[in-house]
Amino acid sequence: MSPTPKILILTPVKNAVDHWATYWRLIERLDWPKNALSLGVLESDSNDGTFDLLQRVRPIMEQRLSRVTLHKRDFNFQIPKGLPRWEPAFQLARRQVLARSRNHLLFAALRDEDWVMWIDVDMIDFPSNTIQRLLAHERDIIQPHCVLEPGGDTFDLNAWTHNEDQTEQKPLSQARGSNRPVRLDSVGGCLLMVKADLHRDGLVFPPYPYGRPSPKMREQHPVWGTGEIETEGLAMMAHDMGVQCWGLPDFEVIHHNG
């Protein structure tokens, strides 16, 4: 019998005190052996005592998990008070910082695990057998369908596939009823499973528009377009590595509305 795959859950956090209890409840109830489940958390730029909370609860986490990595790295980025995190003027800078956070966390926490599962700290529900359901499809990069309520519209619009003439992006909600994995051109980060060896091979979250032409590029090099950043950039990089991304439109997980 093959050994149980080792899973590393990675979560970048910022001002996460209000979300931590729910997040930890979801992690704690995962039906996966303790000796094959580890957690890495990177905290940055919080002003609500998030890192102090993480340090206080670390002994509790270590009782449930094989290994816990807590990492602090401030990027000195704040969206002005009163503005939502999706404010267009700050999107590029916000996604750049998030990509850097993910990469710093990945390099700090990854050891000998077989899979990395990226989970947002403000998820509010996913089943205890999430790991089993994702691994059962034997895909190198796969994600469930992140929504705000069961049967609702797709929340994570970073997960999409082009329509046939590539004029628009279709979210996972438009593929419901297939009861099978569907090909994705891009992925989101609400809950994303990645084979760890792909990260070791160089698959990261670009903190810049991946795929855009560079003035330093050789003239004979093909032009790749304007580029994608963070999770979308990771998907483009995966495609360039010859790896297909997949989504499960009928496997829904619930995200906090905010």
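Note that the structure is a prediction, hence the values are computed from the model and not measured.
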A side-chain contact here means heavy atoms from C-beta on lying under 4.5 Å apart; do Val182 and Thr161 qualify? no
So for atom CG, which belongs to Asp74, do other residues, nucleotides or ligands contribute more than 12 heavy atoms lying within a distance under 6.0 Å? yes
Kindly give the cluster partners of Ile124, where membership spreads through any ILVMFWY side chain lying under 4.5 Å from a current member. Val147, Ile254
Could you point out which residue of Lys6, Arg200, Arg67 forms a salt bridge (charged side-chain N to carboxylate O under 4.0 Å, His left out) with Asp112? Lys6
Quick one: pull up CZ in Phe51 and CD in Glu43 and give me the separation to the nearest 0.5 Å. 7.0 Å
Membership question, hydrophobic clusters at under 4.5 Å side-chain separation (ILVMFWY): are Val17 and Leu42 in the same one? no
Just by distance, do the side chain of Asn179 and the backbone of Asp250 share a donor-acceptor pair under 3.5 Å? no
Return each pair, listed once, that meets salt bridge (Lys or Arg N to Asp or Glu O under 4.0 Å) where at least one residue sits in residues 166-178; pairs must be two or more places apart or across chains. Arg176-Glu252
Does NZ in Lys72 sit with more than 12 non-hydrogen atoms of other residues, nucleotides or ligands closer than 6.0 Å? yes
How many angstroms lie between atom CE of Met123 and atom SG of Cys190, to the nearest 0.5 angstrom? 6.0 Å
Rounded to the nearest 0.5 angstrom, the CG-OG distance for Leu30 and Ser128 is 7.5 Å
Indicate yes or no for a side-chain donor-acceptor contact from Asn103 to the backbone of Phe205 under 3.5 Å, with no hydrogens or angles considered. yes
Heavy-atom closest pair (Trp32 atom, Arg64 atom, distance to 0.1 Å) is O-NH2, 3.4 Å
Minimum-distance pair of heavy atoms, taken over all atoms of Gly40 and Leu8: N-CD1, 4.0 Å
Cation-pi between Arg100 and Phe75: NZ/CZ under 6.0 Å from ring centre and within 45° of the ring axis? no
What's the shortest heavy-atom distance between Ser186 and Asn158, and which atoms? OG-O, 2.7 Å
Cluster overlap Ile131 with Ile119, hydrophobic side-chain contacts below 4.5 Å: yes
Tell me yes or no: between the side chains of Ser66 and Asn35, is some donor less than 3.5 Å from an acceptor? no
The side chain to side chain contact (heavy atoms under 4.5 Å, CB included) partners of Arg25 (sequence neighbours excluded) come to Thr22, Arg29
Is it the case that more than 12 heavy atoms not belonging to Asn47 sit under 6.0 Å from its CG atom? yes
May I ask you to decide if Ser173's main-chain N or O and Thr154's side chain share a donor-acceptor pair within less than 3.5 Å? yes
Kindly compute the distance separating CD (Glu232) from CG (Leu184), expressed to the nearest 0.5 Å. 11.5 Å
I'd like to know if the side chain of Thr50 reaches the main chain of Ala16, judged simply by a donor and an acceptor atom lying under 3.5 Å from each other, with no hydrogens or angles considered. yes
Under the side-chain contact (heavy atoms from CB on, under 4.5 Å) rule, what do Val57 and Trp24 come out as? Steps first, then yes or no, please. CA-CA 10 Å; Val57 301; Trp24 175 245; over 6 Å; no
Minimal heavy-atom distance between Arg58 and Val68, with the atoms involved, is NH2-O, 2.8 Å
Decide whether Trp115 and Trp118 are clustered together by the hydrophobic rule: side chain heavy atoms of Ile, Leu, Val, Met, Phe, Trp, Tyr closer than 4.5 Å, transitively. no
Nearest 0.5 Å, what's the CG-CE distance between Asp201 and Met241? 5.0 Å
Side-chain (Lys34) to main-chain (Gln63) donor-acceptor, under 3.5 angstrom: yes
From the list His145, His137, Gln143, Arg133, side chain to side chain contact (heavy atoms under 4.5 Å, CB included) with Leu248 holds only for His137
side-chain contact (heavy atoms from CB on, under 4.5 Å) for Thr11 and Ile27? Distances and angles first, verdict last. CA-CA 11 Å; Thr11 301; Ile27 300 301; 6.0 Å; no
Are Val41 and Ile7 connected in a single hydrophobic cluster, I mean Ile/Leu/Val/Met/Phe/Trp/Tyr linked by side-chain heavy atoms less than 4.5 Å apart? yes
Please answer: with hydrophobic residues joined when any side-chain heavy atoms are less than 4.5 Å apart, are Phe126 and Leu135 in the same cluster? yes
Could you walk me through whether Glu230 and Arg95 pass salt bridge (charged side-chain N to carboxylate O under 4.0 Å, His left out), step by step? CA-CA 6 Å; Glu230 206 238 330; Arg95 298 294 299 281; 2.6 Å; yes
What I want to check is whether the side chains of Asp120 and His255 have a donor and an acceptor closer together than 3.5 Å. yes
